[in-house]
Amino acid sequence: MLSLTRSARYLIPFALGLATATASAATTPRQQWKTDIGQGYQQLASSAHVLEQTATHYCDSPSADTRQQLEAAWKTAFLDWQAVRFVDFGPIEQNSRAWQLQFWPDHKNLVARKVSYALKQDKPVDAAFVDQAGVALQGFPAIEYLLYDADMQQGERALPAADTCHLLDTISTHLAGTADALASDWQAFGDYYVSMDEYTEKTVAAAINGLEILQDKRLAAPMGVRPPHKRNKYLGDAWRSENSVAAMRASIAGFKQYMVPGLTQLLNDTGHPELADKLLEQTDSALAKANDLPDAMAPFLKTDEGYRKLQSLFIDVIQLEQVVEDRIAPALGITRGFNSSDGD
């Protein structure tokens, strides 16, 4: 794992400058994707460092204002991750980075167990402890637990308790290092990515997989669409902070920002402008539905009226996934293979 001190900030502006230069030279779909995905990773790295710095500031000077700043920084960085989490190939595959950023789904409540164990140590945990503790203690859900879990807030170890603040600081530093490594490695990977034709298919397949996860695991599961047909907010991601819908909204917006431009170019280059128009139309429709909903999912699961609004978003996401898998992929001669991703 890349370890950075708080003074090592040169990576982000350098990468941003490189992305800007690359953007002007983007002439192929893969070059467009290289640039757009790179910008998404750089945005994540930048906001992860803001989260790291804000956590330190809060623990040094705890107050209602610094707590609000910390929660806002967590949400911004978390949503920046949601925007680019559909990418399931390349540097994100190294060292289980997707799981390091977001251990989800968490059916066994492992995040809570790992955080509780860390806080029971005889001395404050250090970076080596977090490195070795596993992915459940290393990313956004662990920090979310410290900030928002109801039982955590009522106990003697609630923030800004010293040991808990130290754990918060250590996890946020680890997360920022992961995001930095991801952004840097994508830049190094970029030329190879652009040179290999197989990555066109991999990129489209990643888009399909991301939309399927959004449809099946992030919407259908908590909605109880499939047996046993029980609505369960705990099956959504970011339920503790009441950001399940906000996370999905960010993913759709990220799909539009980081996936659609390259795919539109590919469709136009191969003589399918009508599919490019349909892709943008359906993406905008799904995003509009998500934009009409507040951040939390739980209230919509409690009433039939609210549930119908989630159903409307669910239908739009299904239609978007079908446009990509059933119409665009065949038109491009892309056959999607097995993908082992399980929610990250």
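Keep in mind that what you see is a predicted model, and the values were worked out from it rather than measured.
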I'd like to know whether CD of Glu198 has more than 12 heavy-atom contacts from other residues, nucleotides or ligands below 6.0 angstrom. yes

Contacts of Arg327 meeting side-chain contact (heavy atoms from CB on, under 4.5 Å) (sequence neighbours excluded), chain-then-number -> Leu275, Lys278

Can you tell if the side chain of Gln187 reaches within under 4.5 Å of the side chain of Ser184, non-hydrogen atoms only? no

Are any of the side-chain heavy atoms of Phe189 and Tyr199 separated by less than 4.5 Å? yes

Across all chains, not counting sequence neighbours, the salt bridge (charged side-chain N to carboxylate O under 4.0 Å, His left out) partners of Arg308 are none

Contacts of Lys233 meeting salt bridge (charged side-chain N to carboxylate O under 4.0 Å, His left out) (sequence neighbours excluded), chain-then-number -> none

Q.
Between Asp237 and Arg218 (salt bridge meaning N to carboxylate O under 4.0 Å), is one present in this structure?
A. yes

Is any NZ, NE, NH1 or NH2 atom of the basic residue among Arg226 and Asp216 found under 4.0 Å from an Asp or Glu carboxylate oxygen of the other?
yes

For this session: Please determine, by modelled atom types, if Thr283 and Lys256 share a side-chain donor-acceptor pair under 3.5 angstrom.
Result: no

Does [X] reach the main-chain N or O of [Y] with its side chain, forming a donor-acceptor pair under 3.5 Å?
{"X": "Thr270", "Y": "Leu267", "value": "yes"}
{"X": "Asp106", "Y": "Val111", "value": "yes"}
{"X": "Thr35", "Y": "Gln31", "value": "yes"}
{"X": "Gln265", "Y": "Thr27", "value": "yes"}
{"X": "Ser172", "Y": "Ala55", "value": "no"}

Between Ala118 and Val125, the two heavy atoms sitting closest are O-CG1, 3.5 Å

In short, Arg85 meets Gln102 closest at the heavy-atom pair NH1-OE1, 3.2 Å

Among all residues two or more places apart in sequence or in another chain, which pass the ring pair (Phe, Tyr, Trp, His ring centres under 6.0 Å) test with [X]?
{"X": "Trp33", "result": "none"}
{"X": "Tyr307", "result": "none"}
{"X": "Phe78", "result": "Trp74, Phe140"}

Which of Gln68, Arg67, Gln69 passes side chain to side chain donor-acceptor pair (under 3.5 Å) with Glu71? It is Arg67

Rounded to the nearest 0.5 angstrom, the CD1-CD distance for Ile171 and Glu52 is 12.5 Å

Rounded to the nearest 0.5 angstrom, the CZ-CG distance for Arg157 and Leu146 is 11.5 Å

Pair Ser63, Thr66 - check side chain to side chain donor-acceptor pair (under 3.5 Å), show working. CA-CA 5 Å; Ser63 69; Thr66 55; 3.2 Å; yes

